[in-house]
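Before any comments, here is the structure.
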Amino acid sequence: MRPLPLILAALLCAPAARAEAPAPGAVEQYLLAHRLFAAGQSARDGLDQIAGARMAAALTLRPLDLAPEVAGKGKAGAAAPLPDAAQMLAAAAQAVETDETLSILLGSATMTADLLPKATLRSVAGALAPGQSHRYRLPVDGGAATEIGLLADSPALLLEIATESGLLCKGQALCRVTLPESGFLAVTVQNGGDSAAPYHLLTN
């Protein structure tokens, strides 16, 4: 059984506890929030759902207006929209409606959601047929740290980041890149599996 009072204290004091270490960027924060929330839903754990929703409440999602260069044939449908913090909190409310302690925590998280400082990240949704890939040309500012994340249920999807000079990052769900001068990144999402897979590409 979880030591609930300790978890609640850690959850409520999380911003202060992170003050000594650099805070995660917007993309990393959303990936963490989504995975925590999804794990809570899968395990029917209301506390994890609340924690994920609270992290997501500090973010603003905006569409990334990029069209991919498609390699490979086939149709894979479309990715579902990403849930926002309000939707996460509503789902968490259903999960904890019979738990008085967690309901109080949820009420606190809901009241503070609008007061949290907002970081902005941009996202584009796609879906890949088996063997297919999408390649995006992403403009970035020189000297600025750029986070690029891949959110997908399928482990067969791979992220690759490159410039004209060569490969910078491959196979990870989160890449951090800083170019010395403004330019473009070639961002490729590949489906190495045998079934269609949706994804969301995220960047700051």
Side-chain angles (χ1 to χ4, degrees), residues 24-46 48-56 59-92 94-95 119-138 140 146-163 166-177 184-204:
V27 174
E28 181 181 3
Q29 185 175 344
Y30 188 82
L31 290 175
L32 290 172
H34 187 276
R35 288 169 183 163
L36 184 57
F37 182 81
Q41 284 191 311
S42 178
R44 298 182 179 180
D45 188 325
D48 283 349
Q49 291 182 55
I50 294 171
R54 189 176 186 278
M55 290 180 67
L59 300 167
T60 298
L61 282 168
R62 293 182 180 172
L64 180 62
D65 188 16
L66 288 179
E69 177 184 332
V70 182
K73 298 180 180 180
K75 293 184 179 180
L82 289 171
D84 59 22
Q87 292 170 320
M88 289 181 172
L89 288 168
Q94 293 183 342
T120 299
L121 70 157
R122 299 170 294 162
S123 68
V124 59
L128 292 168
Q132 200 172 50
S133 68
H134 286 170
R135 183 175 181 271
Y136 297 89
R137 193 166 184 256
L138 178 68
V140 296
T146 301
E147 279 188 316
I148 301 170
L150 178 65
L151 183 60
D153 292 331
S154 172
L157 294 191
L158 298 177
L159 177 65
E160 181 178 294
I161 312 296
T163 65
L167 184 66
L168 300 178
C169 180
K170 182 176 182 179
Q172 302 178 31
L174 176 66
C175 293
R176 295 183 180 88
V177 176
F184 292 87
L185 293 174
V187 180
T188 304
V189 184
Q190 304 171 344
N191 184 0
D194 55 6
S195 60
Y199 69 87
H200 290 273
L201 190 66
L202 309 166
T203 188
N204 56 341

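The figures here come from the full heavy-atom set of this structure, side chains too, leaving out hydrogens, waters and symmetry mates.
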Show the nearest heavy-atom pair for residues [X] and [Y], with the distance to one decimal.
{"X": "Leu157", "Y": "Ala152", "result": "CD1-CB, 3.6 Å"}
{"X": "Ala33", "Y": "Gly52", "result": "CB-O, 3.4 Å"}
{"X": "Gly149", "Y": "Leu31", "result": "CA-CD1, 4.3 Å"}
{"X": "Leu159", "Y": "Cys175", "result": "CD2-SG, 4.1 Å"}
{"X": "Ala196", "Y": "Ala76", "result": "CB-CB, 3.8 Å"}
{"X": "Ala127", "Y": "Ala79", "result": "CB-N, 4.4 Å"}

Hey, does [Y] have a side-chain heavy atom less than 4.5 Å from the side chain of [X]?
{"X": "Val140", "Y": "Val177", "answer": "no"}
{"X": "Gln29", "Y": "Leu32", "answer": "no"}
{"X": "Leu82", "Y": "Leu151", "answer": "yes"}
{"X": "Thr203", "Y": "Val187", "answer": "no"}
{"X": "Thr120", "Y": "Leu59", "answer": "no"}
{"X": "Gln49", "Y": "Asp45", "answer": "no"}

Find the distance between [atom1] ([X]) and [atom2] ([Y]) and round it off to the nearest 0.5 Å.
{"X": "Tyr136", "Y": "Leu66", "atom1": "OH", "atom2": "CG", "result": "7.5 Å"}
{"X": "Ile148", "Y": "Leu185", "atom1": "CD1", "atom2": "CG", "result": "5.0 Å"}
{"X": "Leu61", "Y": "Arg122", "atom1": "CG", "atom2": "CZ", "result": "12.0 Å"}
{"X": "Leu89", "Y": "Gln87", "atom1": "CG", "atom2": "CD", "result": "10.5 Å"}
{"X": "Lys170", "Y": "Thr188", "atom1": "NZ", "atom2": "OG1", "result": "10.0 Å"}
{"X": "Phe184", "Y": "Leu138", "atom1": "CZ", "atom2": "CG", "result": "9.0 Å"}

Salt bridge or not between Glu69 and Arg137? Use side-chain N to carboxylate O under 4.0 Å. no
Given Thr146, which partner from the list Asn204, Ile161, Val27 fulfils the side-chain contact (heavy atoms from CB on, under 4.5 Å) test? Asn204
Any side-chain to backbone donor/acceptor pair from [X] onto [Y]? Under 3.5 Å, distance only.
{"X": "Asn191", "Y": "Leu128", "value": "yes"}
{"X": "Glu147", "Y": "Ala26", "value": "yes"}
{"X": "Gln94", "Y": "Ala91", "value": "no"}
{"X": "Gln132", "Y": "Gly74", "value": "yes"}
{"X": "His200", "Y": "Ala80", "value": "yes"}

Over 60° means perpendicular and under 30° means parallel, so tell me whether Tyr30 and His34 are parallel, tilted or perpendicular. tilted
